[in-house]
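I have placed the structure first, in the form of structure tokens, so that the comments after it can refer back to it.
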Number of protein chains: 2
Amino acid sequence: MLLQSDLPLNPSSDDIVGSLRRAILAHRVAPGSKLVEDEVSDVFGVGRSIARTALQALAHEGLVTIIRNRGAFVADPGVREAREVFEARALLEPRTARSAAERATPAAVKLLHKHIAAEHQALQAGDLGKAVYLSGLYHMAIADLADQATIAAMISTLVARSSLIVALYWRRPQALCESHAHHALTDAIAAGDGARAEDLMKGHLVDLLANLDLREKPQVGGSLRDILRQA
Amino acid sequence: MLLQSDLPLNPSSDDIVGSLRRAILAHRVAPGSKLVEDEVSDVFGVGRSIARTALQALAHEGLVTIIRNRGAFVADPGVREAREVFEARALLEPRTARSAAERATPAAVKLLHKHIAAEHQALQAGDLGKAVYLSGLYHMAIADLADQATIAAMISTLVARSSLIVALYWRRPQALCESHAHHALTDAIAAGDGARAEDLMKGHLVDLLANLDLREKPQVGGSLRDILRQA
DNA sequence: TTTTGTAAAATTGTAGACAATCTTGGATTA
DNA sequence: TAATCCAAGATTGTCTACAATTTTACAAAA
């Protein structure tokens with residue numbers, strides 16, 4: 001399952017949530033993958049109760065789907081959900097970017113540049129999954145700047161779900177089309193130009209959505225049974 | 001703890017979540033109350049694991065706060081959080097009301113009227129807690145109309161948290177000031193007037209916030225120990 | 001009286017056992 | 001061959017026991 005094990009010896013369920021979340025968001029586990037409780041507990045060296053708690057927490061975030069008596073799976077959002085997530089982001093993130101611009105400090109801007117650099121580096125290294133993950137961190141950093149913890153938390157889960165969506169529906173795996181948008185946005189924030197930041201964020205989200213291939217996907221590997229079970 | 005026991009004999013954790021949620025939102029348990037796992041499991045006739053799962057789910061909704069080794073408490077939002085919740089609602093609900101108006105059917109409008117009637121009846125009966133709960137259901141019904149499950153889910157948790165906030169900060173316990181706003185909003189939706197619905201919702205939220213007394217509350221019953229622990 | 005210290009009680013955290021359910025693989029039958 | 005059935009295995013659901021921690025109650029000291 002490939003986990004970077006920067007974990008304490010007796011990890012809490014939160015530690016496990018974090019580790020699994022990174023793995024899912026960086027596309028190191030595919031959407032739809034089964035997450036067996038015994039495996040999780042073995043990998044992290046805890047009892048099954050803790051693993052269970054972690055999986056339930058991820059389910060509340062929308063990154064994992066739990067089906068009774070069948071277990072936990074990495075979430076596998078459909079096109080409907082993909083559109084909905086970006087619809088929600090469109091309501092929250094532009095205004096949040098404006099607030100961020102209005103209260104950004106030089107230190108904060110520096111942090112944003114660091115995020116962009118890390119993302120760029122991951123792309124150079126060919127690690128697309130990590131780049132997507134880091135791109136999400138950039139959006140979350142902006143949300144944090146706005147100093148509205150409640151909204152930031154909602155954006156955080158939406159961004160996370162977007163990583164899954166990108167894994168499934170991104171059109172051109174090699175295009176590094178985002179770099180530019182993040183740079184421009186950071187400039188607006190550095191300049192304290194709230195109105196421009198709001199506009200850029202709005203446009204950026206539209207671009208992201210436009211780069212998804214949201215035609216109905218034809219139930220690729222599923223048996224008739226699995227297909228019917230989804231209804 | 002006063003639970004309306006319309007529950008199955010072997011309730012699932014979801015059943016328990018629903019029952020506890022209603023109790024919290026209708027102000028039948030005060031913010032800050034301890035929710036002891038053994039009590040919950042006894043009341044519902046299940047093992048402690050199921051009670052635990054239910055409490056954790058409520059914690060993810062923001063209705064319960066879990067402190068490690070100390071247990072679960074009904075959430076007790078501060079003024080900061082109160083403002084943040086309404087800030088978030090202001091971003092989501094006006095646009096959602098517009099969508100609702102644009103796609104409302106006569107049957108949906110009828111449902112909204114039913115909600116209003118029920119809320120009115122609870123107020124007449126002097127059950128303010130229930131009225132607040134039903135008022136929340138009205139907002140959630142509108143969110144459902146917009147046919148955006150992701151946004152509706154976010155609104156749902158925000159509205160729920162608002163019930164707690166109203167319990168703590170509402171200025172005039174006897175004023176039935178909301179009735180009018182909900183009527184006008186329903187009219188706009190019935191007329192399919194999206195722009196008006198959006199405006200009315202925006203104004204309604206501003207009014208709600210204005211009716212809260214958000215001066216810093218002076219740590220009413222807390223010992224020095226509890227105060228310091230919050231940091 | 002007020003504070004401090006200590007032991008008992010209460011409560012939560014975690015693991016593991018058992019039951020319930022689902023999945024798998026092979027044998028049986030058409 | 002293909003479909004069906006059934007038993008064995010695997011996995012999840014729930015409960016309970018025990019460990020870790022906190023809270024309470026009460027006695028001792030200032």
Side-chain angles (χ1 to χ4, degrees), chain A residues 1 7-20 29 32-60 63-76 221-231, chain B residues 1 7-20 29 32-60 63-76 221-231:
Chain A
M1 196 185 294
L7 285 176
L9 270 74
N10 277 48
S12 69
S13 69
D14 280 347
D15 294 325
I16 296 174
V17 166
S19 183
L20 285 177
V29 283
S33 307
K34 180 97 200 282
L35 298 171
V36 180
E37 294 181 356
D38 271 328
E39 279 184 37
V40 174
S41 47
D42 285 350
V43 167
F44 292 98
V46 297
R48 204 153 63 84
S49 345
I50 296 182
R52 242 178 114 76
T53 301
L55 291 172
Q56 280 162 353
L58 287 165
H60 286 294
L63 293 183
V64 157
T65 304
I66 292 179
I67 306 179
R68 190 161 214 283
N69 286 322
R70 293 235 304 143
F73 304 82
V74 177
D76 188 11
S223 65
L224 175 61
R225 165 169 201 177
D226 284 332
I227 293 173
L228 293 181
R229 207 191 305 255
Q230 291 188 0
Chain B
M1 192 183 298
L7 284 175
L9 269 75
N10 277 49
S12 70
S13 70
D14 280 347
D15 294 324
I16 296 174
V17 166
S19 182
L20 284 178
V29 283
S33 307
K34 180 98 200 281
L35 298 170
V36 180
E37 294 181 356
D38 270 327
E39 278 184 38
V40 174
S41 46
D42 285 350
V43 168
F44 292 99
V46 297
R48 203 153 62 86
S49 1
I50 295 182
R52 238 177 119 77
T53 302
L55 291 172
Q56 280 163 351
L58 287 166
H60 285 294
L63 293 183
V64 157
T65 304
I66 292 178
I67 306 178
R68 190 159 214 282
N69 286 322
R70 295 233 304 141
F73 304 82
V74 176
D76 188 12
S223 64
L224 175 62
R225 164 169 201 176
D226 285 332
I227 294 173
L228 293 180
R229 207 192 303 257
Q230 290 185 3

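Chain letters run A, B, ... following the sequence lines, proteins first and then strands; every chain starts at 1.
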Would you kindly give the [atom1]-to-[atom2] distance between [X] and [N], to the nearest whole Å?
X       : N      : atom1 : atom2 : result
A:Phe44 : C:dT14 : CZ    : P     : 15 Å
A:Arg68 : D:dG13 : CZ    : P     : 6 Å
B:Asn69 : C:dA9  : CG    : P     : 21 Å
B:Asp38 : D:dT23 : CG    : P     : 16 Å
B:Ile67 : C:dT11 : CD1   : P     : 16 Å
A:Glu37 : C:dT21 : CD    : P     : 16 Å

For this session: Starting at CG of A:Asp15, measure out to CD1 of A:Ile50 and round the result to the nearest 0.5 Å.
Result: 10.0 Å
Seminar exercise, completed: Rounding to 0.5 Å, atoms CD (B:Gln56) and NE2 (A:His60) come to a distance of 8.0 Å
Problem set entry | Criterion side-chain contact (heavy atoms from CB on, under 4.5 Å) on B:Leu20 and B:Leu63, from CA distance to verdict | CA-CA 10 Å; B:Leu20 284 178; B:Leu63 293 183; over 6 Å; no
Exercise. Would you say A:Ser19's side chain and A:Ile16's backbone share a donor-acceptor pair under 3.5 angstrom?
Worked result: no
For this session: For DNA chain C, find the residues of residues 49-56 of chain B with a heavy-atom distance under 4.0 Å and give them by number; none if there aren't any.
Result: B:Arg52
Seminar exercise, completed: Comparing nearest nucleotides in DNA chain C, the 5'-proximal residue of the pair A:Gly47, B:Gly71 is B:Gly71
For this session: Tell me which of A:Asn10 and B:Ala72 sits closer to the 5' end of DNA chain C, going by the nucleotide each one is nearest to.
Result: B:Ala72
Look at [X] and [N] and indicate whether a side-chain polar atom (N or O) is within less than 4.0 Å of OP1 or OP2.
X       : N      : value
A:Arg48 : C:dC18 : no
A:Lys34 : D:dA10 : no
A:Arg70 : C:dT23 : yes

Show the nearest heavy-atom pair for residues [X] and [Y], with the distance to one decimal.
X       : Y       : result
B:Ser13 : B:Ala54 : O-CB, 3.8 Å
A:Glu37 : A:Ala51 : O-CB, 4.0 Å
A:Leu55 : A:Val64 : O-CG1, 4.0 Å

Exercise. Of the nucleotides D:dC15, C:dT11, C:dC22, which one has an atom closest to the side chain of B:Val36?
Worked result: C:dT11
